[in-house]
2 protein chains.
Amino acid sequence: MTQAVPAPASFPVAVDIVALTVRGGELCVLLITRLIEPFRGRLALPGGFVLPGEDLVEAAIRELGEETGVERLPGYLEQLASYGPKGRDPRGDVLTVAHLLLAPDFPVLSAGSDAEQAAWYPVERVANGEVDLAFDHAQILEDAVERARAKLEYSPLGAAFCGEEFTIAQLRAVYEAVWGTRLDPRNFHRKATGTPGFLEDTGRMTAGDAGRPAALFRLAEEARSTAGHPTRAVLNPPLMRPRV
Amino acid sequence: MTQAVPAPASFPVAVDIVALTVRGGELCVLLITRLIEPFRGRLALPGGFVLPGEDLVEAAIRELGEETGVERLPGYLEQLASYGPKGRDPRGDVLTVAHLLLAPDFPVLSAGSDAEQAAWYPVERVANGEVDLAFDHAQILEDAVERARAKLEYSPLGAAFCGEEFTIAQLRAVYEAVWGTRLDPRNFHRKATGTPGFLEDTGRMTAGDAGRPAALFRLAEEARSTAGHPTRAVLNPPLMRPRV
DNA sequence: ACAAAAGTGTTTGAACTACACCCATGA
DNA sequence: TCATGGGTGTAGTTCAAACACTTTTGT
């Protein structure tokens, strides 16, 4: 960002979005089927090029909206990392800025067969090689999942996977799916409800499910409105994932 | 990263480097004095434009080398985050990928008065408004310092600020400078030496200083060679900074 | 009544804090 | 011998892991 008296080189700049959710007890990622070359027919992360006058987050939201048909997308979005520009796209040098979206399980509008079809896929199916992604998207996904796993430890962002109101058991299911571990329901309950500034009791209860009704919670005001830094350690001491 | 049948827009892509070190018990950042517009005469992070065929890390290393005169730069380099492209450079939309370098206190070659002069400045002088940086570099620096503070908690990267061999007291001085706190020497010693996979005793000792000689340590093999992921929790449980 | 899930209490052990104390060197 | 910093021992506390047990619903 300094001298550059000669006109600097320019690169196409893309945004890719790793949208994660939990469905059926599994961590899932939103993927599209590519309709054009390169990697035609292969699965890839949703994304696209940044337009002039656009900022990165704006571009990410726009692209994700276009490819899922969702207007106002739920959840929590943050920048993940940048990749490239060298040798990651057969068409030439492209820099991509990957983003991470943690969201409740929202339905993707199944577009007609002429549009790129977006759908949720279990992350495990990519990790075990059953599905292989276009470009360097497998690496980006791996980084995203690791980021998500780490964030649950010290931030209240596990709640971003839930709806507006949720039970402790639902929140625990998120942690179990993202970390791929089982957690003791009793100890998790104590830690979640006992951490100041994390959850707020709505006073309402679930009904109609099997077993005893559960209290409904929402994210506490402090945890929600840490504008720009929802990241900062709300969970202190952190909620550590079990190390084998 | 998807459809883009029309030729996508391109942006100049820059790299900026937040090089941090500890000198005189203070956390310091490497800044250059700009010789050209915009922001001529103001202090800024070292950096410059990515060249065709170059990768981000390559560009960061090259630029930092050019502006400090250092060939093989010491320390640990990682990507921080990307900023822009909208409205952060008066010349037009520029995307910048900021990088973070944690390094021992290396001397910057004081170039002639015609070159951009690089020098170390206490981070505190930027934080308290005594020095104000060009572009959005104050924000980038703030993010970098927060990243560095967080990394010391769960990674062995505090040692990146030290030379090849160092005493526990020197390592503690790093933590104290970066966090801006005092740490109990006895407890820090126990935690640092007692964490498996963190430090290796060289068997050698300091001599000539005041007080009892101290044992010299180096980073353990496991902590050094976590290629790509030196980040992954070596310090477990983490070495937490005191919360007031 | 019984199953199922929510939530509380209690015990144990790991680890951090605080601080007393001893060790090894230079002046 | 005294000052200075290096290093160990130990008591108190906080917190998480493990699990017995009670509560509240649906069937």
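Proteins come first, then strands; the chains are lettered A, B, ... in the order of their sequence lines, and each starts at number 1. Keep in mind that the numbers below use all heavy atoms, side chains included, and drop hydrogens, waters and symmetry copies.
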Quick one about A/Tyr83 and A/Asp143 (side-chain donor to acceptor, distance below 3.5 Å, no hydrogens or angles considered), yes or no?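 Checked: A/Asp143/A/Tyr83 side chains pair up, N/O donor to acceptor below 3.5 Å.
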
Can you see whether A/Ser82 engages B/Ser82 through a side-chain donor-acceptor pair at a distance of less than 3.5 angstrom? yes

Looking only at the side chain of [X] (C-beta and beyond, no hydrogens), which of the listed nucleotides [options] gets closest?
X	options	answer
A/Arg190	D/dG7, C/dT10, C/dA5	C/dT10
B/Ala214	D/dA20, D/dT24, D/dG7	D/dG7
B/Pro237	C/dA15, C/dA18, D/dC19	C/dA15
B/Arg212	C/dA5, D/dG7, D/dA18	D/dG7

Return no unless some side-chain N or O of B/Lys191 is found under 4.0 Å from OP1 or OP2 of C/dA15. no

Has A/His189 got a side-chain N or O lying under 4.0 Å from the OP1 or OP2 atom of C/dA6? no

By the 4.0 Å heavy-atom rule, please label B/Ala207 as base, sugar-phosphate, or nothing. nothing

For atom [atom1] of [X] and atom [atom2] of [N], their distance in whole Å:
X	N	atom1	atom2	result
A/Arg182	C/dA5	CZ	C1'	13 Å
B/Ile168	D/dG5	CD1	C1'	14 Å
B/Asp184	C/dA20	CG	C1'	12 Å
B/Arg186	C/dT17	CZ	C1'	10 Å
A/Phe166	C/dA6	CZ	P	14 Å
A/Met205	D/dT23	CE	P	15 Å
B/Leu183	C/dC19	CG	P	15 Å
B/Phe188	D/dT8	CZ	P	15 Å

Nearest heavy atom decides the nucleotide; on that basis, is A/Thr167 or B/Pro213 closer to the 5' end of DNA chain C? A/Thr167

Side-chain donor or acceptor of B/Thr195 paired with backbone N/O of B/Leu235 under 3.5 Å: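 Not a single qualifying donor-acceptor pair exists.
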
Does B/Phe106 offer a backbone N or O that forms a donor-acceptor pair with the side chain of B/Trp120 under 3.5 Å?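 Yes, B/Trp120 side chain to B/Phe106 backbone: donor-acceptor pair under 3.5 Å.
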
Side-chain-base donor-acceptor pair under 3.5 Å for B/Arg172 and D/dG6: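 No.
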
Going by the angle between their ring planes, with limits at 30° and 60°, are B/His137 and B/Phe135 parallel, tilted or perpendicular?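 Aromatic pair B/His137/B/Phe135 classed tilted.
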
5' priority, DNA chain D, between B/Phe217 and A/Asn187 [closest heavy atom]: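 Its nearest nucleotide lies further toward 5', so the answer is B/Phe217.
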
